Amino acid sequence: MMNDKKDFFHRVYEVTRLIPRGRVTSYGAIARYLGDPRAARMVGWALNQSTCLPGFVPAHRVVNREGLLTGKHHFGYAETMKQLLEQEGVVVNHDRVVDFKRIFWDPETME
DNA sequence: GTTATGACTGCGA
DNA sequence: TTCGCAGCCATAA
């Protein structure tokens, strides 16, 4: 169905909203949770659109697998993503999430 | 209509 | 170990 495509974006937002405060996850983890590990790029694209959506989508809690803030440039100002994360207690250094493995949140296990 | 690109990831050399 | 390439799918030109 063509609604499946829409659902993909919708589910990205849903999962992203489930990310606990002070935790982060990766595009690949979300994509894998949605059933398409290779569709990580679509996750990023969906989050790009999410910045213009009504309601709060913590897209700043989604980084790449290395913990790098690759999407910071899409928040209007490059520092916005970092500041949002630090506001939640996530330490960011040189566009990289410190202790990424530790605060990583897996959508599949939700822990 | 086709081509190029993108907030990525995994695997092979 | 690091480096390069293919695959994923939607949007833009």
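Only a predicted model underlies this, so the values are computations on that prediction, with no experimental measurement involved. All values below come from the heavy atoms of this structure, side chains included, with hydrogens, waters and symmetry mates left out. Chain naming here is simple, since letters A, B, ... match the order of the sequence lines and numbering starts at 1 in each.
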Minimum-distance nucleotide (side-chain atoms of [X] versus [options]):
{"X": "A/A40", "options": "B/dG6, B/dA7, B/dC8", "value": "B/dC8"}
{"X": "A/T70", "options": "C/dT11, C/dC9, B/dA7", "value": "B/dA7"}
{"X": "A/R41", "options": "C/dT11, C/dG7, B/dA7", "value": "C/dG7"}

[X] has an atom [atom1]; how far is it from atom [atom2] of [N], in whole Å?
{"X": "A/D36", "N": "B/dG10", "atom1": "CG", "atom2": "P", "value": "13 Å"}
{"X": "A/L68", "N": "B/dG6", "atom1": "CG", "atom2": "P", "value": "17 Å"}
{"X": "A/R11", "N": "C/dA10", "atom1": "CZ", "atom2": "P", "value": "14 Å"}
{"X": "A/R38", "N": "C/dA6", "atom1": "CZ", "atom2": "C1'", "value": "8 Å"}
{"X": "A/H74", "N": "C/dT11", "atom1": "NE2", "atom2": "C1'", "value": "13 Å"}
{"X": "A/F9", "N": "C/dC8", "atom1": "CZ", "atom2": "P", "value": "17 Å"}
{"X": "A/I30", "N": "B/dC8", "atom1": "CD1", "atom2": "C1'", "value": "12 Å"}
{"X": "A/L47", "N": "B/dA7", "atom1": "CG", "atom2": "C1'", "value": "7 Å"}

Counting N and O atoms only, with roles assigned by atom type, does the side chain of A/D106 sit under 3.5 Å from a partner on the main chain of A/M110, one being a donor and the other an acceptor? no
Side-chain donor or acceptor of A/N93 paired with backbone N/O of A/R96 under 3.5 Å: no
Is [X] touching bases, backbone alone, or none of the nucleic acid, heavy atoms closer than 4.0 Å?
{"X": "A/T16", "result": "nothing"}
{"X": "A/A46", "result": "nothing"}
{"X": "A/N64", "result": "sugar-phosphate"}

Using atom P in both nucleotides, what's the gap between C/dA6 and B/dA4 to the nearest angstrom? 14 Å
Mind checking the C1' distance from B/dA7 to C/dC3? Whole angstroms is fine. 23 Å
OP1, OP2 of B/dG10 versus side-chain N and O of A/R65: anything below 4.0 Å? yes
Can you classify the ring geometry of A/F56 versus A/H60 as parallel (below 30°), tilted (30 to 60°) or perpendicular (above 60°)? tilted
Is the number of heavy atoms from other residues, nucleotides or ligands under 6.0 Å of A/Y33 OH greater than 12? no
Has A/Y77 got more than 12 heavy atoms of other residues, nucleotides or ligands less than 6.0 Å from its OH? no
